[in-house]
Every structure is written in C-alpha cells, then in structure tokens.
Participant: 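A single structure is presented below for examination.
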Number of protein chains: 2
Amino acid sequence: MAKFEHIKEHIYKKIESGEWPEYHPVSSENALANQFKVSRMTARRALQELSDEGLVTRTRGSGTFVAPLKSQSALLTIRNIADEIRTRQHRHHAVVKVMEQVPAYPALATALHVPVESLVWHSVIVHFENGQAVQVEDRFVNPRLVPNYGHQDFSVHTPHEYLCEVTPLTEASHQIEAVHPDDRLADLLELETPEPCLQIQRRTWCRDGVVSQAILTHPGSKFRLGGHMTFRSTRKSKGEKS
Amino acid sequence: MAKFEHIKEHIYKKIESGEWPEYHPVSSENALANQFKVSRMTARRALQELSDEGLVTRTRGSGTFVAPLKSQSALLTIRNIADEIRTRQHRHHAVVKVMEQVPAYPALATALHVPVESLVWHSVIVHFENGQAVQVEDRFVNPRLVPNYGHQDFSVHTPHEYLCEVTPLTEASHQIEAVHPDDRLADLLELETPEPCLQIQRRTWCRDGVVSQAILTHPGSKFRLGGHMTFRSTRKSKGEKS
DNA sequence: TGATTCATAATGTATATACAACATATGTGC
DNA sequence: GCACATATGTTGTATATACATTATGAATCA
C-alpha cells in the first residue's frame with residue numbers, strides 16, 4: 001500500500017470509530033509528515049483526497065476538520081420526511097402504531113442478514129403533514145446493530161434520524177414502485193377512496209452490516225419524489241465552494 | 001486563475017465542443033508541460049482532476065483518453081429502457097404513436113425555456129418488453145437544440161440514445177409519482193383494468209439549455225425503479241478501479 | 001479597553017527531480 | 001513467422017523546496 005494510503009487509513013479509522021467526531025480538528029500536513037516520516041506533499045495528498053471524498057473539510061489558514069455528517073447524499077436524496085415537511089413550513093407529527101420484536105421470516109432474514117426466526121425490531125409509524133397522513137413507515141431493524149431501537153420516542157425524532165446518529169450509515173439501496181394500497185395501508189393513510197401509492201423500499205448499511213429495511217408508502221396525490229443530478233464536470237476546481 | 005486550471009479549461013473545451021470525441025487521446029503530462037510552460041507536476045494535476053471528475057480516463061503506461069459518455073450517472077440512473085430490457089435478456093421493440101410539431105403551451109414553454117406558442121417536437125412512443133407494453137414515453141424536445149429530432153427512426157434507437165449522441169447531456173432532474181392512468185395511457189399500455197402507474201418526469205440539460213422533457217409512465221405491476229448509493233468514502237484511493 | 005500590528009501556523013500553488021510500474025512498439029534470434 | 005528481449009513513452013508515487021494566501025492569536029499602542 002502506498003504511503004499516502006496509510007495516512008488516509010489512519011484518519012479514516014479515527015473518524016469511522018467516532019474517536020474524532022464532527023468538526024474535530026485533523027492533524028495538519030506538517031504534523032502528519034513528521035508523524036509518518038513522509039514529506040509534506042505526501043501527507044497533503046492524503047488530506048486532499050479525504051477532502052475530495054467529503055470526509056474532511058479544509059480551510060486555508062485554519063486547518064483540516066472532520067466534515068459534518070449532514071452533507072452526505074448530494075444527489076437524489078430520499079430525505080427525512082420530517083425535515084422535508086418542516087422545510088415546507090408545515091407542521092409534522094408522527095404516531096407510533098406498532099413497536100414490537102418479531103421473529104424474522106425467511107425473506108426478511110435474508111434482507112437483514114440475520115438468522116431466520118431470530119428476533120428483529122418492527123415498527124409502524126404514520127407521519128402527518130398539517131394533520132394529513134402522508135407516509136406510512138413500516139420498518140425492520142437489525143437488533144444486533146441497534147439494540148435500543150425499541151426504547152426511543154419516535155414522536156420526537158424520526159427513526160431515520162435516530163439510526164443516522166447511532167450507526168454511521170455508509171450505503172443505501174432503494175426500490176420504487178407504484179402500488180395499490182391494501183386495506184391496512186388505506187386505513188393507516190386515512191384514504192377515503194383507494195388511490196395509487198408510491199412505495200419506496202429502502203435498505204441501509206453501516207460498516208458492520210445491514211442496519212434496517214424500511215417500506216415507505218405515500219399516497220400518490222400527496223407526494224412527489226424529486227431529484228437532480230449533474231453528469232459531467234462543472235469545470236470547478238477542487239478548492240472552490242460553489 | 002491558477003495555471004492548472006487553465007490547462008483544465010483548455011482540455012475541457014476540446015471535449016465539450018466535440019473536437020475530441022470519446023476515447024480520443026489527450027496530450028500527455030510532458031506534452032502539456034511543454035505546451036503550457038509548466039512543470040510536469042502541474043500538468044499532471046490538471047489531468048488528475050479531470051480524471052477525478054470523470055471526463056478522462058488514465059491508464060499507466062498507456063495514456064489519457066476522453067472518457068466514454070456512458071458511464072455518466074453513477075447513482076440512481078433512470079436508465080435507457082431499451083438497455084434495461086436487453087440486459088434482462090428480453091426482447092425490446094418500440095412503436096412511435098405520435099411524431100409532430102406543436103406550439104408550446106405556457107407551462108411547457110417555461111419548462112423548455114422557449115417562447116410560448118413556438119413550435120416544439122412532440123413524440124409519443126410505447127416500449128414493449130417481450131411483447132408487453134412497459135413504458136409510454138411522452139416527450140417534448142427543444143427544436144433549437146435538436147432540429148432533426150422528428151426525422152429519426154426511433155424503432156431502432158431510443159430518443160434517449162439519440163439525444164445523448166447529439167447533445168452532450170450535463171444535467172437532469174426527475175420527479176417521480178404514483179398516478180392513476182387516464183384513458184389514453186391505459187389504452188397505450190394495453191391495460192385491461194386500470195392499475196397504479198409509476199410516472200417519471202425527466203428534464204435534461206446540455207450546456208446550451210434545456211434539451212427535453214419526458215414523461216415516462218410504467219404500469220406498477222411491471223416496473224420497479226432501483227437505485228444504490230454510497231454515502232461516505234469507500235476508503236479507496238483515486239487510482240483504484242473498484 | 002479597544003484597535004492595530006505582527007508573528008505564526010495552516011493550506012494553496014508551483015517547480016525540479018528521482019524512481020517505479022506498466023504498455024506498446026521495435027528489433028533480435030531462432 | 002514466432003517468441004523473447006529491449007527501448008521508449010506514459011502514468012504513479014515520493015521528496016525537497018519556495019513562495020503565496022489566509023486565519024488566528026498575541027503583542028503593542030493609543
């Protein structure tokens with residue numbers, strides 16, 4: 001492994017383990033150069049690449065710091081429903097309908113990478129925007145990675161927020177489809193007449209494995225998913241902010 | 001502007017203008033160093049950043065080349081429907097239902113950034129997978145940027161493929177929702193009984209403006225949208241492939 | 001106390017150099 | 001013609017150095 005990669009590895013572990021939290025200062029180029037017995041340019045490269053990858057932020061004259069976790073997913077973010085509602089200046093509240101431990105049926109066990117019939121957390125939460133139901137969140141959580149999931153108050157923070165805090169999320173996969181809601185969903189969403197629903201299945205990973213699988217169902221008339229992406233370079237150099 | 005940025009700019013223009021097509025060789029580090037009267041390390045930085053941004057690919061011993069346009073959108077790609085079907089080893093064919101020029105109604109004129117009532121291309125194409133209708137593609141195209149849109153044979157190449165060739169796409173935005181198909185859509189999709197449909201509205205940009213707006217409608221029972229994203233660093237260094 | 005100046009430290013840009021690793025074409029021997 | 005060695009060009013890594021630009025805190029002065 002190249003020297004600059006060793007240095008990256010070293011810093012990466014500090015961040016991943018939580019030893020260096022958000023905004024914690026990272027050793028300077030010169031400090032790393034001395035510590036690892038390399039030239040400043042080599043230490044610099046390690047920090048520069050970590051900066052490119054979004055793990056640290058660098059400001060000239062000041063130093064290098066662990067980047068805030070927020071700015072994670074730049075592109076088609078399936079955002080926290082609560083945030084989304086609040087940025088629309090609307091009221092959000094959530095009702096926890098189910099919170100239990102259930103044995104994992106085979107498909108679920110595969111999805112979460114846990115033994116079949118082992119207990120997993122299961123929650124059903126309905127999210128309201130200005131009093132109208134806009135999302136049913138049906139979620140299964142790996143208890144090995146998040147043992148205290150069942151003892152949180154999800155009318156305050158959303159499960160997504162809690163999981164982001166407890167486990168540093170590294171990956172997510174989504175499947176989106178249009179479905180006809182069954183009776184249970186129609187009831188939870190308080191739909192008078194059944195209407196097409198947008199259903200998002202999301203699985204999230206942290207470094208240690210699959211954290212959670214969620215099925216988010218939105219009534220088609222009250223929800224739209226948006227995303228923006230840029231394909232090619234914006235011709236900006238690394239340093240520039242925007 | 002920094003020297004390495006001048007070099008980036010120079011190469012960027014060659015690519016953007018089409019003067020250097022896909023796989024065209026890019027001047028070597030030493031050649032650029034001589035041409036721009038800078039050190040090799042500075043020329044190197046320009047090429048390195050262009051590589052990071054995905055505009056060029058570099059291979060040791062061989063050289064630097066303009067990157068193929070394909071590998072553009074790494075994340076939640078709403079792929080070319082034809083490709084998607086073919087990678088499932090299924091048959092794809094398309095039927096052009098409508099190909100016309102229509103005056104832009106106000107909302108459309110805004111979306112495409114063209115004058116109200118000016119003529120724009122409008123096409124309606126149905127895509128089939130193994131003989132079953134799986135997508136209605138309702139598309140409006142900016143004729144200023146793609147004057148010959150109406151004279152293509154879209155049973156061979158999809159509009160998306162054609163547009164990618166003609167205009168180097170730089171951005172796209174998507175809106176996804178679940179809808180109840182109207183009679184026209186139900187008819188085009190050959191739905192016996194109306195079912196929830198996944199509707200994707202996509203707008204694409206090239207450097208010179210909005211190229212096209214498409215509304216893609218899929219029957220919920222026959223389509224699912226998948227995506228994967230990684231949030232934080234994968235701890236890989238720049239050079240590594242995967 | 002408050003404002004200004006100054007020193008220090010950190011990152012940003014640029015250069016010159018050395019060697020390593022790899023790809024490709026060329027030539028050599030058989 | 002074919003296999004092998006060689007030369008050359010290209011990218012990758014690493015070092016040492018110089019100076020510019022910016023942030024921050026300490027020292028100085030009014």
Side-chain angles (χ1 to χ4, degrees), chain A residues 1-12 14-15 20 23-68 234-242, chain B residues 1-12 14-15 20 23-68 234-242:
Chain A
M1 196 190 290
K3 295 186 181 178
F4 75 92
E5 284 179 303
H6 268 120
I7 302 177
K8 282 181 71 177
E9 197 73 17
H10 170 255
I11 297 169
Y12 189 91
K14 296 277 188 183
I15 298 175
W20 287 355
Y23 304 108
H24 188 280
V26 176
S27 322
S28 74
E29 297 177 355
N30 285 318
L32 288 170
N34 288 330
Q35 184 182 346
F36 286 89
K37 305 275 189 250
V38 297
S39 74
R40 184 195 143 203
M41 292 307 284
T42 301
R44 173 177 178 73
R45 175 165 180 186
L47 291 177
Q48 191 61 56
E49 293 200 1
L50 288 170
S51 170
D52 293 346
E53 293 162 16
L55 268 87
V56 302
T57 60
R58 321 190 71 206
T59 40
R60 162 153 52 177
S62 177
T64 305
F65 304 89
V66 176
T234 48
R235 223 182 332 177
K236 296 210 173 79
S237 67
K238 280 180 185 172
E240 284 181 62
K241 287 290 164 70
S242 101
Chain B
M1 195 190 291
K3 295 186 181 180
F4 75 92
E5 285 180 303
H6 268 120
I7 302 177
K8 283 180 71 176
E9 198 73 15
H10 171 254
I11 297 169
Y12 189 90
K14 295 277 190 185
I15 298 175
W20 287 355
Y23 303 110
H24 188 281
V26 176
S27 321
S28 76
E29 296 177 356
N30 285 318
L32 287 171
N34 288 329
Q35 183 182 345
F36 287 88
K37 306 276 191 253
V38 298
S39 75
R40 185 196 143 203
M41 293 305 286
T42 301
R44 174 179 177 71
R45 176 165 178 188
L47 290 177
Q48 190 61 57
E49 292 200 2
L50 288 170
S51 170
D52 293 346
E53 293 163 16
L55 267 87
V56 302
T57 60
R58 319 189 73 204
T59 41
R60 163 153 50 178
S62 178
T64 305
F65 304 89
V66 176
T234 48
R235 223 179 336 174
K236 296 208 173 82
S237 68
K238 280 182 185 171
E240 285 179 62
K241 287 292 165 71
S242 97

Participant: Measure from CE on A:Met41 to C1' on D:dT17 and round the result to the nearest Å.
Facilitator: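 Atom CE in A:Met41 sits about 10 Å away from atom C1' in D:dT17.
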
Participant: Mind running side chain to side chain contact (heavy atoms under 4.5 Å, CB included) on B:Arg44 and B:Arg58 for me, showing each step along the way?
Facilitator: CA-CA 11 Å; B:Arg44 174 179 177 71; B:Arg58 319 189 73 204; 3.6 Å; yes

Participant: Taking only the side-chain nitrogens and oxygens of A:Arg58, find out if one of them lies under 4.0 Å from OP1 or OP2 of C:dG12.
Facilitator: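 Yes, such a contact exists.
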
Participant: Are the side chains of B:Ile7 and B:Leu50 in contact, using a 4.5 Å heavy-atom criterion?
Facilitator: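 No, side chains not in contact.
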
Participant: What is the separation between atom CZ on A:Arg60 and atom P on C:dT11, rounded to the nearest whole Å?
Facilitator: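 To the nearest whole Å, that distance equals 12 Å.
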
Participant: Phosphate oxygens OP1/OP2 of C:dA14: is one of them under 4.0 Å from a side-chain N or O of B:Thr42?
Facilitator: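 The answer is no; no side-chain N or O of B:Thr42 sits under 4.0 Å from OP1 or OP2.
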
Participant: Within this structure, what is the CD-to-P distance between B:Gln48 and D:dA14, rounded to whole angstrom?
Facilitator: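 Rounded to the whole Å, the gap is 13 Å.
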
Participant: To the nearest angstrom, how far is A:Leu50 atom CG from C:dT11 atom P?
Facilitator: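 Rounded to whole Å, this separation is 12 Å.
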
Participant: Side chains of B:Ile11 and B:Trp20, heavy atoms from C-beta outward: is any pair under 4.5 Å?
Facilitator: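 Of all side-chain heavy-atom pairs linking B:Trp20 with B:Ile11, at least one is under 4.5 Å.
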
Participant: Counting heavy atoms from C-beta on, name the nucleotide in D:dT24, C:dT11, D:dA14 closest to the side chain of A:Ser62.
Facilitator: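 For A:Ser62, the side-chain atoms sit closest to D:dT24.
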
Participant: Measure from CG on A:Leu47 to C1' on D:dA14 and round the result to the nearest Å.
Facilitator: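 Rounded to the whole Å, the gap is 16 Å.
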
Participant: How many Å lie between NZ on A:Lys3 and P on C:dC19, as a whole number?
Facilitator: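 Nearest whole value for this atom pair: 15 Å.
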
Participant: Expressed in angstrom and rounded to an integer, what is the separation of B:Met1 atom CE from C:dA14 atom P?
Facilitator: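 Taking atom P of C:dA14 as the reference, CE of B:Met1 is at 11 Å.
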
Participant: Does a nitrogen or oxygen in the side chain of B:Thr64 sit under 4.0 Å from OP1 or OP2 of D:dT11?
Facilitator: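 So the side chain of B:Thr64 is within the cut-off, an N or O lying under 4.0 Å from OP1 or OP2 of D:dT11.
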
Participant: Is the shortest side-chain N/O distance from B:Thr59 to OP1 or OP2 of D:dT11 below 4.0 Å?
Facilitator: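 False: B:Thr59 side-chain N/O out of range (4.0 Å or more) of D:dT11 OP1/OP2.
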
Participant: Closest-nucleotide mapping onto DNA chain D: is B:Arg44 or A:Gly61 further toward the 5' terminus? I mean the 5' end.
Facilitator: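 Going by which nucleotide is closer to the 5' end, it is B:Arg44.
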
Participant: For the pair made of CD1 in A:Ile7 and C1' in D:dT15, what is the distance, rounded to whole Å?
Facilitator: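 The answer, rounded to whole Å, is 13 Å.
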
Participant: If you take any heavy atom closer than 4.0 Å to DNA chain D, which residues from residues 26-40 of chain B end up in contact?
Facilitator: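 Listed by number, they are B:Ser28, B:Glu29, B:Arg40.
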
